[in-house]
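Down below is the structure, laid out as structure tokens.
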Amino acid sequence: MTLTRMCAVFTAGCLLLAAGGCSDARMPAYSHFEQIGTDGWDPLDLIVFEPWPVDSADARLSAFDVDLVLRYSVRLPVSDLPVAVTVEDEDGVLRSDTIIVRYGHGGNASSRLRYGVREAVVRLENNVRLRDGYAVSLSPVASRECTEGLLNVGLVMTVAGSGTPDPAGK
């Protein structure tokens, strides 16, 4: 193998490694889903997320957008769902509110359909700078029967400005 060929192979390898090491801003920095039972989401079942980016070096340097994601079966569609949301950090409650996840026309959820499962995405927070103890608590403000088609409740965090779901309704 000639020196020129070895340099070309080495350069190509370095470029391949560099391209593979770059992260896509649209990839979630954090994504976690809780499964909901077949009988629905009980209003007494509080779901708490403590998001922290996979790449912890970005945690304090970047701002993040935080989205609520509800996945439900198209066979048992969920009607508009009020959800109590509390966002807090180590200093206490930053925001406590009830949002209504509205489906269909005129709703506030951007929706995707995959394999018989519909996914509703609602923006909870924009440009969040993470601090220690950041947590998001969620609970339905509806009877269990109103959520029988609900499969998963999740929280997805992306680098600020990388995604554009519709803002949360109030």
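Numbers for residues simply follow the sequence, beginning at 1. Fair warning: this is a prediction, and the values are worked out from it, not measured in the lab.
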Fill in the blank from the handout: side chain to side chain contact (heavy atoms under 4.5 Å, CB included) with L124: of I99, D97, V87, only one passes, and it is I99

Exercise for the section: First locate atom CZ of R102, then atom CG of L81, and finally report the distance between them rounded to the nearest 0.5 Å. Expected result: 11.0 Å

Problem - Distance-minimising heavy-atom pair for S139 and D45 - result: CB-O, 4.1 Å

Problem - Closest non-hydrogen atom pair, P43 against A142 - result: CG-O, 2.9 Å

Exercise for the section: Drop me the distance from W41's CH2 to R144's CZ, to the nearest 0.5 angstrom. Expected result: 12.0 Å

Handout entry: Heavy-atom side-chain proximity of Y134 to V128 below 4.5 angstrom
Key = yes

Exercise for the section: Answer whether the closest heavy-atom distance between the side chains of P53 and Y30 falls below 4.5 Å. Expected result: no

Exercise for the section: Decide yes or no for V83 and T98: does some side-chain heavy atom of the first lie under 4.5 Å from some side-chain heavy atom of the second? Expected result: no

Exercise for the section: Kindly indicate whether the side chain of V121, heavy atoms from C-beta on, has any atom under 4.5 Å from the side chain of L68. Expected result: no

Problem - Shortest non-hydrogen contact from A84 toward V141 - result: N-CG2, 3.6 Å

Exercise for the section: Compare all side-chain heavy atoms of T158 with those of F64 and state whether any distance is below 4.5 angstrom. Expected result: no

Handout entry: Q35 CD: over 12 foreign heavy atoms closer than 6.0 Å
Key = no

Problem - Partner residues of E125 under the salt bridge (charged side-chain N to carboxylate O under 4.0 Å, His left out) criterion, sequence neighbours left out - result: R95

Problem - Nearest-0.5 Å distance, CG of residue D67 to CE of residue M157 - result: 11.0 Å

Exercise for the section: With the side chain counted from C-beta on, respond yes when E34 and F49 share a heavy-atom pair under 4.5 Å apart, and no when they do not. Expected result: yes

Problem - Whether S31 side chain and P28 backbone form a donor-acceptor pair below 3.5 Å - result: no

Exercise for the section: Kindly indicate whether the side chain of L150, heavy atoms from C-beta on, has any atom under 4.5 Å from the side chain of L70. Expected result: yes

Problem - Straight-line distance of S96 OG to E88 CD, nearest 0.5 Å - result: 9.0 Å

Exercise for the section: Hey, could you give me the OG/CD distance between S143 and E148, rounded to the nearest 0.5 Å? Expected result: 8.5 Å

Exercise for the section: Ignoring hydrogens and angles, tell me if any N or O in the side chain of D65 forms a donor-acceptor pair with the backbone of G161 under 3.5 Å. Expected result: yes

Practice task
Rounded to the nearest 0.5 Å, what's the gap from CG on L151 to CD on E119? Could you check?
Solution key: 11.0 Å

Handout entry: Close side-chain approach of V153 to L138, heavy-atom, < 4.5 Å
Key = yes

